[in-house]
Amino acid sequence: MTPESETDQQYNFAYLDEQTKRMIRRALLKAVAIPGYQVPFAGREMPMPYGWGTGGIQVTAAILRRDDTLKVIDQGADDTTNAVSIRKFFKRVAGIATTEKTREATIIQTRHRIPETPLEDGQIIVFQVPIPEPLRFLEPRETETRKMHALEEYGLMHVKLYEDIARHGHIATTYAYPVKVAGRYIMDPSPTPKFDNPKMNRTPALQLFGAGREKRIYAIPPYTEVVSLDFEDHPFEVQKWDRPCALCGATESFLDEVIMDDQGTRMFVCSDTDHCEKRRGEGHVGPAQEAAE
Amino acid sequence: MYVAVKGGERAIDNAHGLMAEDRRGDPEVAELTIPQIREQMKLAVDRVMTEGSVFDRDLAALAIKQARGDLIEAAFLIRAYRTTLTRFGASLPVDTGKMKIDRRISAAFKDIPGGQVLGPTFDYTHRLLDFKLAAEGGEAPMALPVDADGETAPHVLDLLAAEGLVETPGMANDDAAPADITREAPEYPMDREARLQSLARGDEGYLLALAYSTQRGYGRTHPFAGEIRLGRVSVEFMPEELGFPVEIGEIELTECNMINQFKGSKAMPPQFTRGYGVAFGHGERKAMAMALVDRSLRSEELGEEITAPAQDQEFVLSHCDNVQATGFLEHLKLPHYVDFQSELELVRRMRGEAAE
């Protein structure tokens, strides 16, 4: 825990005032009660730019308690600049403990990934969401998309996926792949790769989504059914790599491609840095490590 | 050997240090002071107050200094500060009819009660660089004293409204709490009160372009500048425990009332309609652009056909906030490795399939 002296005393605990937190918690309760439904909330201006996680930050600020341990990741990594910046922000305004270990965290704020380590009962994962509306690129008008959700009129989305298959032979959506939550609302899982979609299904953790600029909050309660949209003859499938992580040898994790030199030599490593380090700590070795030894 | 890039934290600290150095520029040159910016960069300060939605010249000047002259960044700094302020309540509506006028013109009438007051304006200057300004330490210019200074005058449009030629402005329901776009998520269709709030803090350049598009035929509204006035109005607040209003200060405003043609509809006889624009400080371009866009957004209410972008509420209002727009645009600088990797994998696979 950060000593009191390093915590910024000019602001309320976790930056937001209690009235604002209450407003956000109300929206969160409604969101949990109607899984996958986008609840409008009076998003505040935050001291970081819109599009940089202000929705997730507001959700985290509203649920944070003094004994929480926070993990922040961007692209799966704890050390990407914006993750560092957000973690620093909460250290400064809330003085809470932070961690890079998925297991130790009570709250995980994320952008674009779900950790490889399965989430547990009692953990909360907070997603930063740029465009919460899964139908937005099919219908730009909010007045229309709200109606479509209300009437459960999701034909357009299926037509889009079908057209992908007709044109490309398979569904050409690789991230922000739409899901149906608890058999009712179609939801945007935020721009996580579809690789992570199965992790959302019936997870024991509470999943909260915050879109600051668009002023929407939505949620998936623990153990809720989350189905990625597909067709019987074109079942949903996730990305696979034809090689393991070069550092830890993992074959079941999402890999980032790193360009090594001017000749275009490539290396594939886990995008989840905590997962990779943990495996290496346990003695797992990847091809790059083997070659070096 | 690839080593995961650690040190994001140090990189951020270094970037902050570089920025601070850049902001100061050459240390041989005297540092800008807040009063200098406040007094000599007035229009920049006014724009930051308007788009930042806080009337405080010193704060706006500080924000401009900190933002190194980037006015959108400065407005953002002001907004982020504003959102932390405690709210005591809403002031009474300011009465711009009682404005102490510094400038007031009407393009619709040659003479108006209270007179045309040109005031401080670029309008009739010749845009020739004044090299005298390049030399410092000149004598402070003094304007000739004018009669109209600080006088009040009735709104030009009210004179026409008395005859029924111009619509009477809709009166806000005084009992209802005013809409507050900073405390409620936007809902469409948005009523005019909330629309005007959005436009008031909207980006000047964006509103200028939209207003210009209506002048060029994309949703034409046939405007006349009925009145543009610049001056000071007092702000009053009614504390509940007192039960009478107390003047808490004076702010400078620019207000624009456009007169627009209206052919009439089944419900309304032909009459002139209004578009309304207002800005903190001296912001004529903003107030005029806002007035044109406000009128365009009333198309639905007035039963006009909606054909142009400037008439489309969701389009205009969801994109007018430059703090939101710049954030979302600039977030493209954040890493997107994971999404890109997913797309890369798909394109490779599809190229492989195409080659087969």
Side-chain angles (χ1 to χ4, degrees), chain A residues 11 15 17 23 40-52 54 74-77 79-85 88 111-113 130 140-143 168-170 172 174-176 191-195 213 215-216 239 241 246-247 254-258 260 267 269 271 273 276 288 292, chain B residues 1-2 4-12 15 53 73 76-84 86-87 180-189 312-315 318 321 323-347 349-350 353-354:
Chain A
Y11 295 100
Y15 182 76
D17 59 278
M23 175 274 294
F41 83 112
R44 297 289 192 257
E45 259 127 357
M46 297 298 284
M48 43 279 272
Y50 285 113
W52 299 53
T54 55
D74 187 343
Q75 315 294 302
D79 53 8
T80 37
T81 37
N82 204 39
V84 170
S85 163
K88 219 172 165 179
R111 175 169 173 265
H112 292 195
R113 275 313 308 277
R141 268 163 223 289
E142 184 68 15
T143 37
H168 310 295
H170 37 73
T174 59
Y175 61 91
T192 47
K194 64 178 182 177
F195 180 90
R213 194 175 39 75
K215 299 187 171 52
R216 294 289 184 273
Q239 296 100 323
W241 282 259
L247 299 178
F254 189 96
L255 302 182
D256 272 345
E257 182 171 341
V258 184
M260 303 294 290
M267 180 174 180
V269 293
S271 105
T273 47
C276 197
Chain B
M1 176 61 220
Y2 168 77
V5 192
K6 288 275 174 193
E9 195 147 3
R10 209 178 56 224
I12 291 174
S53 310
E73 178 70 18
F76 178 20
L77 288 167
I78 290 294
R79 293 258 196 104
Y81 173 78
R82 175 194 203 275
T83 192
T84 65
T86 315
R87 283 159 185 257
D180 186 346
I181 58 160
T182 68
R183 287 292 184 271
E184 285 144 44
E187 244 181 82
Y188 297 101
D312 184 330
Q313 276 203 20
E314 273 206 60
F315 179 82
S318 345
D321 190 306
V323 176
Q324 288 179 1
T326 198
F328 198 48
L329 178 108
E330 296 200 44
H331 109 283
L332 293 173
K333 293 182 282 190
L334 292 179
H336 286 77
Y337 323 132
V338 167
D339 296 348
F340 186 68
Q341 183 63 44
S342 302
E343 293 286 272
L344 207 54
E345 190 262 352
L346 177 71
V347 173
R349 189 147 48 92
M350 289 188 352
E353 285 165 8

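Letters go in sequence order (proteins before strands), and every chain restarts at 1.
Around OH of B/Tyr81, the count of heavy atoms belonging to other residues, nucleotides or ligands within 6.0 Å does not exceed 12.
Only the side chain of B/Phe76 comes within contact range of chain A, with heavy atoms under 4.5 Å apart. Residue B/Glu187: no heavy atom, backbone or side chain, is found under 4.5 Å from chain A. Neither the backbone nor the side chain of A/Met23 comes within less than 4.5 Å of any heavy atom of chain B. With a 4.5 angstrom heavy-atom cutoff, A/Ala172 touches chain B via backbone and side-chain atoms both. Neither the backbone nor the side chain of B/Asp180 comes within contact range of chain A, judged by heavy atoms closer than 4.5 Å. Interface residue A/Arg141: backbone and side-chain heavy atoms are both found under 4.5 Å from chain B. For a residue to count as touching a neighbouring chain, one of its non-hydrogen atoms must lie under 4.5 Å from one of that chain's; by this rule B/Val323 touches chain A with backbone and side chain alike.
In this structure, the separation between NZ on A/Lys215 and CD on B/Glu184 is 11.5 Å, given to the nearest 0.5 Å. With rounding to the nearest 0.5 angstrom, the CZ atom of B/Phe328 is 10.5 Å from the OG1 atom of A/Thr54. For the atom pair A/His112 NE2 and B/Leu334 CG, the distance stands at 8.0 Å (nearest 0.5 Å). Here CD of A/Glu45 is found 7.5 Å from OG1 of B/Thr182. Values are rounded to the nearest 0.5 Å.
Closest approach of A/Phe254 and B/Val338 over heavy atoms only: CZ-O, 3.6 Å. When all heavy atoms are compared, the tightest approach of B/Glu330 to A/Trp52 is O-CZ2, 3.4 Å. Of all non-hydrogen atoms in B/Ile12 and A/Thr81, the two that sit nearest each other are CD1-O, 3.3 Å. The nearest pair of heavy atoms linking A/Pro49 to B/Gly327 is CB-CA, 4.1 Å. Shortest non-hydrogen contact noted between B/Gln324 and A/Arg213 is O-CD, 3.5 Å.
In terms of the side-chain contact (heavy atoms from CB on, under 4.5 Å) criterion, residue partners of A/Glu257 (sequence neighbours excluded) are, by chain and number, A/Arg266, A/Phe268, B/Gln341, B/Leu344, B/Arg348. Listed by chain and number, the residues in a side-chain contact (heavy atoms from CB on, under 4.5 Å) with B/Glu345 are A/Gln239, B/Arg349 (sequence neighbours excluded).
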Any chance you could lay out the side chain to side chain contact (heavy atoms under 4.5 Å, CB included) test for A/Tyr15 and B/Thr84, step after step, and finish with the verdict? CA-CA 9 Å; A/Tyr15 182 76; B/Thr84 65; 3.3 Å; yes
Side chain to side chain contact (heavy atoms under 4.5 Å, CB included) between A/Asn82 and B/His331, worked out: CA-CA 10 Å; A/Asn82 204 39; B/His331 109 283; over 6 Å; no
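Counting heavy atoms from C-beta outward, A/Pro140 and B/Glu314 have side chains that stay 4.5 Å or more apart.
Although no hydrogens or angles enter the test, the distance criterion places a donor-acceptor pair under 3.5 Å between the side chain of A/Arg111 and the main chain of B/Pro335.
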